[in-house]
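Worksheet: the structure to be examined is printed underneath.
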Amino acid sequence: MIERILLIILFLIGFYGIIAKKNIIKKIFALSILNSSVVILFILEGSKIGTNAPIMEEGVKNVVDPIPQALMLTAIVIGVCITALALAIAFRLYRYTHTFDIDEIHRKLHDEPF
Amino acid sequence: MKKKKYSIFFIFQIVLSLTAVLAVLLPVFFSRVSWPDLARNYLEYNGLKESGARNLVSSIYLGYRAFDTLGETIVLLVAVSGTISIISHSGLSLAKGFGEEKSKKQTYNSISGFNRTELLDVVTGKLGPIVLIFGLYLMLFGHLSPGGGFQGGVVVASGIVFMALGSKTDSSTWLQEAGVLAKIEATGFLFLILASLSGIPGGFGFFGNPLSGTEASPVIYIIILNTIIGLKVGAGIGFMCIAMLGKVE
Amino acid sequence: MTILILILLIVLSLYTLSSRDLLHGIIALSAFSLLSAILFYILYAPDVAITEAAVGAGVSTVVFVWAIRSTERKDKG
Amino acid sequence: MNLSDIIFAPVFLPLLGSVLAFLGKAFFKDHGAKLIEYSAVLIGLGLPWIVLFYLLPSMLSGTVIQLVIGNWLGGVGVIYRFDGLAWLVDFLGFSIAGAAWIYTLGAGPKGPGFSAVFLIQTAALAATAMTVDLFNLFVCLEVLGIASYVLIASSEKPGAFLASFSYLMVSATAMVFFLVGLLGLYRLTGSLSYEGIASGLKILPRGGGLTANVSLSLIAAAVAMRVAVMPLYGWLPDAHALAPHAISAVLSGVLIKTPLFALTRILIIIPEGIEIGRLMGYAGAATALVGVIIALAQKDTKRLLAYHSISQIGYIVSAWGAAVAAGLSTPIGLTLMTASFLHAMYHALFKGLLFLTIGTTTDLAGERDVYKLRGAATILYRGGEKFPVTLFCFLVGALAIMAIPPLNGYASKAALSYAFKDSWQASFLFAAGIGTTASFIKLSRIYWPQRKIDQAAPEAGTVPDKVHISIQISQIFLAIMCIASGIFASRISLIVKKLLSTGIIDTNRVPPNLFSIQNLEKTAITVTAGIVLFLIVSTRPGKKILSLIRNRPRNFQGLFLSFSLGMFGLALWMIYKS
């Protein structure tokens with residue numbers, strides 16, 4: 001129960017970071033924190049029903065649920081790909097506007113002739 | 001956090017969306033229903049028999065739900081090629097030979113713009129091959145011990161980056177060449193598509209295991225998929241990381 | 001044990017978002033993924049632990065450091 | 001090569017094409033790479049047509065192919081289903097992608113890398129329409145998303161990077177909420193496929209109660225974010241306005257519709273899904289009206305078209321929502337869904353056409369402002385277009401969106417008003433129709449001849465570059481499709497109805513007679529009211545109101561606020577209704 005409360009706090013920190021932080025690199029930090037918090041939630045919930053790692057050595061019984069683990073492999077890699085692309089775009093935004101502040105970028109880029 | 005001139009409207013927006021999100025998350029986070037062991041029981045008994053892999057996670061990841069893995073490799077491929085094209089169009093001088101323009105073939109000398117420290121040379125230069133071997137181990141033994149295509153590929157990528165960092169003199173190994181990595185990645189993707197199609201002629205359907213007819217244990221198919229994904233991911237991420245180490249004027 | 005690690009994760013994430021110097025943020029973030037890798041290992045998920053360690057700490061730290069190196073370190077915001 | 005292997009061809013052929021394109025980029029220099037790139041696109045976008053027409057007869061007879069990939073047992077594998085709906089979405093996707101790619105030969109980004117990502121996006125479209133597994137839907141939407149971020153950013157305009165960045169951040173966050181919803185449903189039912197979840201929820205007391213409702217609304221909100229329904233459309237105008245013309249045609253035409261029809265598969269099977277459909281239908285009707293009003297206020301031509309996409313999506317979602325609420329097995333539901341898909345297809349055609357024609361004109365004229373640009377026809381003529389192809393195609397597109405009789409816009413809007421009969425949605429859509437007419441008269445002003453002669457002839461130096469032949473080909477192709485689908489509308493709607501009904505073939509045609517007096521009269525009213533509205537708008541106070549609407553405060557966190565409120569509203573509605 002306490003773990004779930006802590007995880008919800010971690011999730012909200014990630015979401016807060018995306019909304020409130022002005023610096024786009026910090027927004028990307030927050031996005032990767034948000035992604036990690038969901039991954040931890042899946043693995044934490046999945047490990048409640050077993051006591052062994054899902055490697056079927058001889059006589060291994062009562063194994064943890066492997067499905068969420070397989071799903072989270074994909075989710076982690078997708079999260080990192082999105083982060084890498086976001087950073088490349090942030091890099092190009094910096095080269096145009098020389099700032100990471102989202103409001104300044106909005107001001108500079110919004111009314112420039114397309 | 002130093003409070004700056006955050007306008008009231010801004011704080012109101014933040015608080016409102018946070019409470020809305022919290023309200024939506026509570027029922028899902030705190031539902032008292034116990035975790036289903038339906039799939040776990042099925043896999044515990046016939047996971048090993050059906051897919052032949054001792055590591056259940058890689059049996060799901062490359063056997064039962066192989067289509068997700070194909071989607072994931074495509075996401076990685078698009079991310080790497082997208083990042084490279086976004087960066088190289090900005091005129092940033094990437095590490096030699098990595099830019100969009102196909103510059104003439106020339107030896108790839110060490111990445112300038114780094115202050116070479118003894119620590120860097122000793123650690124990365126010597127550690128490169130060891131990390132590479134560990135990455136290959138992860139890839140090839142993915143079905144027995146924890147590991148698999150992706151993890152092995154990423155470790156191989158960091159091995160390649162170590163060797164690229166560590167090479168002081170012009171003794172650049174062919175592994176760091178931009179062209180070589182791009183070629184490995186493209187052929188890896190080709191073999192992945194061919195491997196996933198290989199089940200169709202035998203009548204086992206898409207992503208079907210072509211060897212399931214023969215008495216060879218089905219795990220060979222998982223090993224093949226593991227190595228293909230490992231090489232593709234290793235070359236792709238290695239390509240991106242080395243390109244990023246280029247000199248920034 | 002998991003509760004302790006979760007509390008540490010929360011502290012690290014708060015530090016990542018609040019630190020002025022983005023490089024400190026990146027180091028805190030890679031510590032974040034290392035700790036979550038240890039947490040996965042404790043929760044009987046070795047595959048996810050290796051992925052999180054290799055992909056989370058490895059690749060994303062390299063990409064973040066490159067982004068910071070090519071632009072600016074200080075968070076004026 | 002039995003049938004169950006061929007259904008994967010629409011997903012695999014574009015992937016093979018993109019593999020070839022990547023190989024061409026890695027192994028060959030520019031000349032060889034271009035040759036391989038063209039053959040890759042031929043395989044990726046050309047061959048699937050043969051497969052689609054091969055599958056058509058079996059689809060019409062209502063056969064549904066559902067199989068587990070790799071035919072594993074035990075409900076752990078990924079389940080795929082190919083039926084009429086998947087066929088229709090593939091048809092829509094490949095036709096627009098083909099036309100858009102031909103356009104990029106003339107103007108817009110080139111190169112094997114671009115074509116490879118474009119082919120991967122098309123493959124993801126086909127896969128999203130076919131998947132019947134929740135986590136596979138997550139992966140397909142991610143592939144679709146990441147391909148479109150890269151393609152939007154490939155237009156090298158500074159604004160495009162900002163648009164791509166906010167689109168990326170918002171849908172990445174939405175996808176995290178999708179995962180949380182997926183956790184909720186997996187915890188309750190222990191399975192990831194739609195049938196498994198539906199049967200699992202039926203057994204549970206009160207259909208899984210609070211957790212099931214909230215998880216379902218999380219998933220629906222995350223998918224609705226990509227469909228840009230009422231509260232969640234903030235990212236769309238910048239993304240569609242600043243992407244390369246061919247990409248905004250594909251984005252508006254297909255990319256915001258495929259997630260909607262993928263969501264159909266979930267909401268039909270799961271009992272609580274009906275309520276989500278109903279609420280999204282209401283939101284869709286509201287979007288239709290609000291989208292047009294904001295579109296009327298826009299200065300930039302492509303942004304005006306982007307807001308129009310939002311309002312047209314409002315038409316589609318309102319009919320789709322009512323269809324899901326009524327249930328697809330009922331005749332009313334089927335008629336509504338057919339009308340919704342008809343409008344989705346026709347909108348893809350004429351909106352794609354409009355984006356391409358307006359894009360070409362503004363590129364040549366170098367000016368994108370609706371108020372400043374005049375006499376584009378002469379510019380086009382000087383741009384080497386002896387026969388005014390672009391002007392003609394623009395007229396076809398504009399008349400189609402204004403629902404003028406012979407063209408397809410008229411047919412689909414008539415189908416929509418027939419399906420809605422006299423419910424309040426019909427009046428919303430009617431009002432939105434008037435707004436559409438007014439804004440397209442405003443947009444067509446850029447083609448009116450120069451009134452002020454003192455306008456200096458464009459400086460001799462900047463001779464507008466020639467209009468490339470491939471641009472004209474793609475525009476003519478889309479224009480012909482618009483006209484043809486308008487004329488044969490009743491037969492096409494019959495085919496669409498048969499494909500959607502998967503078996504229960506309903507004999508009566510959708511609009512009994514397309515050109516009934518009642519419909520024609522309604523069109524006349526719309527056109528006159530549109531002209532009146534246009535005159536009102538171009539008066540002094542009208543312009544003030546419009547500029548007020550145009551520069552309303554829009555900021556980054558506004559996107560997230562509207563997303564969280566939309567999700568919260570959906571969850572409340574689900575709890576209230578169950």
Side-chain angles (χ1 to χ4, degrees), chain A residues 2-3 5-7 9-10 13-14 16-17 20-26 28-30 32-33 35-37 39-40 42-44 46-48 50-55 63-64 66 68-70 72-73 76-77 79-81 83-84 86-88 90-91 93-95 98-104, chain C residues 2-20 22-23 25-26 28-30 32-33 35-37 39-77:
Chain A
I2 306 147
E3 287 142 355
I5 297 171
L6 293 174
L7 265 176
I9 295 169
L10 195 63
I13 290 171
Y16 167 79
K21 282 295 158 191
K22 290 286 184 234
N23 185 327
I24 45 178
I25 299 290
K26 288 223 169 122
I28 301 172
F29 284 163
S32 102
I33 291 171
N35 214 326
S36 305
S37 68
V39 169
I40 297 171
F42 260 88
I43 304 293
L44 194 71
S47 69
K48 289 226 171 12
T51 55
N52 296 90
I55 314 289
V63 163
V64 173
Q69 295 182 9
M72 282 314 108
L73 282 182
I76 291 175
V77 174
V80 171
C81 295
T83 313
L87 279 169
F91 168 69
L93 280 175
Y94 185 82
R95 283 184 79 87
H98 297 295
T99 165
F100 274 143
D101 187 311
I102 192 75
D103 290 340
E104 266 177 62
Chain C
T2 55
I3 295 165
L4 174 70
I5 293 183
L6 280 174
I7 293 168
L8 265 176
L9 288 180
I10 290 175
V11 167
L12 272 174
S13 61
L14 280 175
Y15 178 70
T16 318
L17 292 180
S18 61
S19 72
R20 302 303 302 210
L22 294 177
L23 200 58
I26 297 170
L29 201 66
S30 55
F32 181 95
S33 27
L35 260 177
S36 55
L39 179 65
F40 292 148
Y41 189 74
I42 292 168
L43 295 174
Y44 310 112
D47 276 89
V48 186
I50 296 178
T51 317
E52 178 67 28
V55 170
V59 173
S60 63
T61 313
V62 167
V63 178
F64 271 117
V65 165
W66 164 78
I68 295 302
R69 196 168 67 97
S70 326
T71 49
E72 67 174 12
R73 260 177 69 163
K74 280 286 165 285
D75 167 20
K76 299 187 194 63

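Throughout, protein chains are lettered first and strands after them, A, B, ... in sequence-line order, and every chain is numbered starting at 1.
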Minimal non-hydrogen separation, A:Leu87 against C:Ala67, with atom names
CD2-CB, 3.7 Å
Distance in Å, A:Gln69 CD paired with C:Tyr44 OH, rounded so as to fall on 0.5 Å steps:
12.0 Å
Would you name the heavy atoms of C:Leu17 and A:Phe29 that are closest together and state the gap between them?
CD2-CB, 4.3 Å
Distance from C:Thr16 atom OG1 to A:Ile33 atom CD1, nearest 0.5 Å?
4.5 Å
Quick one: what part of A:Ile2 sits under 4.5 Å from any heavy atom of chain C, side chain, backbone, both or neither?
side chain
The interface call for C:Tyr41 against chain A, heavy-atom contacts under 4.5 Å, is neither
Between A:Ile43 and C:Ala45 the two heavy atoms that sit nearest each other are CG2-CB, 3.8 Å
C:Thr71 versus chain A, heavy atoms under 4.5 Å apart: side chain, backbone, both or neither?
both
What one should report as the nearest heavy-atom pair of A:Ile76 and C:Glu52 is CD1-OE1, 3.4 Å
Please round to the nearest 0.5 Å and tell me the distance separating atom CD1 of C:Ile10 and atom CD1 of A:Ile13.
5.5 Å
If you count heavy-atom pairs under 4.5 Å between each of C:Ile7, C:Val59, C:Ile68, C:Val63 and chain A, which one has the most?
C:Val63
Could you tell me which of A:Leu44, A:Asn52, A:Leu6, A:Val63 has the largest number of non-hydrogen atom pairs under 4.5 Å with chain C?
A:Leu6
Toward chain C, the part of A:Ser37 with a non-hydrogen atom under 4.5 Å
neither
Considering only heavy atoms, which portion of C:Leu29 lies under 4.5 Å from any heavy atom of chain A: side chain, backbone, both, or neither?
side chain
Looking only at heavy atoms and a cut-off of under 4.5 Å, which of C:Gly56, C:Ser33, C:Ser60, C:Ser19 has the most pairs with chain A?
C:Ser19
Once ring pair (Phe, Tyr, Trp, His ring centres under 6.0 Å) is applied, do any residues pair with C:Phe32, and if so which ones, sequence neighbours excluded?
none
Partner chain C: residue of A:Ile9, A:Val39, A:Ile55, A:Val77 with the largest heavy-atom pair count (under 4.5 Å)
A:Val39
Given C:Thr51, C:Leu22, C:Ile26, C:Leu39, the one with more heavy-atom pairs under 4.5 angstrom with chain A than any other is C:Leu22
How close do A:Glu3 and C:Ile3 get, heavy atom to heavy atom, and via which atoms?
CG-CG1, 3.9 Å
Checking heavy atoms, do the side chain of A:Ile102, its backbone, both or neither come under 4.5 Å from chain C?
neither
Apply the test side chain to side chain contact (heavy atoms under 4.5 Å, CB included) to residues A:Ile40 and C:Leu9: give CA-CA distance (whole Å), side-chain angles for both, the deciding distance (0.1 Å), then the verdict.
CA-CA 11 Å; A:Ile40 297 171; C:Leu9 288 180; 3.6 Å; yes
Top contributor to chain C interface from A:Val64, A:Leu7, A:Asn35 [non-hydrogen pairs under 4.5 Å]
A:Val64
